[in-house]
Undergrad: 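Quick one: the structure is below, questions incoming.
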Amino acid sequence: MAQNIKDFSRLCIHTVTTKPWNLGLAASRYAAAGVSGITVWRQALDGYALNEARRIINNSGLRAVSLCRGGFFPAVNRKEREKAIEDNLDAIDAAAAIGAPLVILVCGSSPYQSLETSRGQILEGIIRILPYAEQCGIRMAIEPLHPMYADSRSAINTLKQANDMCDKIDSDYVGVAIDVYHLWWDDELEREIRRSGKNNKIFAFHVSDWLSPTQDMLNDRGLMGDGCIPIRRIRGWVEAAGFDGFHEVEIFSTKHWNRNQDEFLQDILKAYWENV
Ligand code: ZN
């Protein structure tokens with residue numbers, strides 16, 4: 001009974017959160033649990049024809065929120081950068097094919113060149129793929145990543161840098177993804193969220209928690225409420241800035257992947273309800 005009064009109409013889960021489940025299983029279990037949206041990890045499409053993936057999502061009744069991920073533009077040599085462009089065009093195609101209106105960009109970085117050079121290549125890359133994204137009706141969200149990933153995953157590490165890049169690109173199709181895991185520590189976060197909102201640039205909002213101590217840089221994110229991020233406060237800023245989209249649970253966690261995923265899903269619903 002208590003379950004029925006809980007509102008999960010804005011709850012989306014990223015399929016990587018329940019990585020042991022394939023797309024079909026994830027979609028059916030999320031839908032059965034009352035979850036409303038699904039973000040599809042690109043690797044989760046491996047082994048599926050794109051029209052089959054679309055049918056699975058449609059039949060589940062879930063809303064396809066985004067495809068994760070495109071990006072990884074920077075590289076020291078041109079050939080690799082061109083390969084990245086091709087890969088991003090494929091990601092846009094995949095998003096369109098499965099009915100996801102948004103591609104999340106994990107922008108990339110290279111330890112063999114300066115962060116400024118990497119940022120220049122990110123800007124160049126997004127501008128290159130933008131006409132195709134517009135043509136396909138697919139929006140793209142620049143997701144700033146925590147600075148611990150500045151060497152090889154993203155040279156965009158603050159919301160300010162992401163907002164600055166959106167200003168330079170100046171397209172309705174390019175905005176930001178605000179992930180509390182990456183941004184909670186930033187003392188300019190509230191101000192930059194207001195700035196994103198004023199420009200209608202908040203395309204996505206991701207939640208998980210920062211465990212202390214964190215055991216693994218990639219795969220030790222926590223359930224909401226298990227760490228030290230003031231999630232509800234940040235959600236308040238994002239919504240005060242005008243965002244009314246999905247709250248997307250994105251938990252990369254070896255510990256949780258090793259659990260019974262049905263039990264984990266129930267814990268996600270509880271953690272979402274109590275702490276987001
Ligand atoms: Zn995220």
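One-based numbering, in listed order, for ligands and for the atoms of each.
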Undergrad: Could you tell me if Asn157 and Tyr149 have a donor-acceptor pair between their side chains, going purely by distance under 3.5 Å?
TA: no
Undergrad: With carbon and hydrogen excluded and only N/O/S kept, which atom of Asp179 is nearest the Zn ion (ligand 1)?
TA: OD2
Undergrad: Return the name of the atom in Glu143, of element N, O or S, nearest to the Zn ion (ligand 1).
TA: OE2
Undergrad: Answer yes if the ring centres of Phe243 and Trp237 are under 6.0 angstrom apart, and no otherwise.
TA: no
Undergrad: Are a donor atom and an acceptor atom from the side chains of Glu263 and His256 found within less than 3.5 Å of each other?
TA: no
Undergrad: Return yes when at least one N/O/S atom of His206 is nearer than 2.8 Å to the Zn ion (ligand 1), and no when none is.
TA: yes
Undergrad: Tell me, which N, O or S atom in Glu250 is closest to the Zn ion (ligand 1)?
TA: OE1
Undergrad: Quick one: are the ring centres of His146 and Trp184 less than 6.0 Å apart?
TA: no
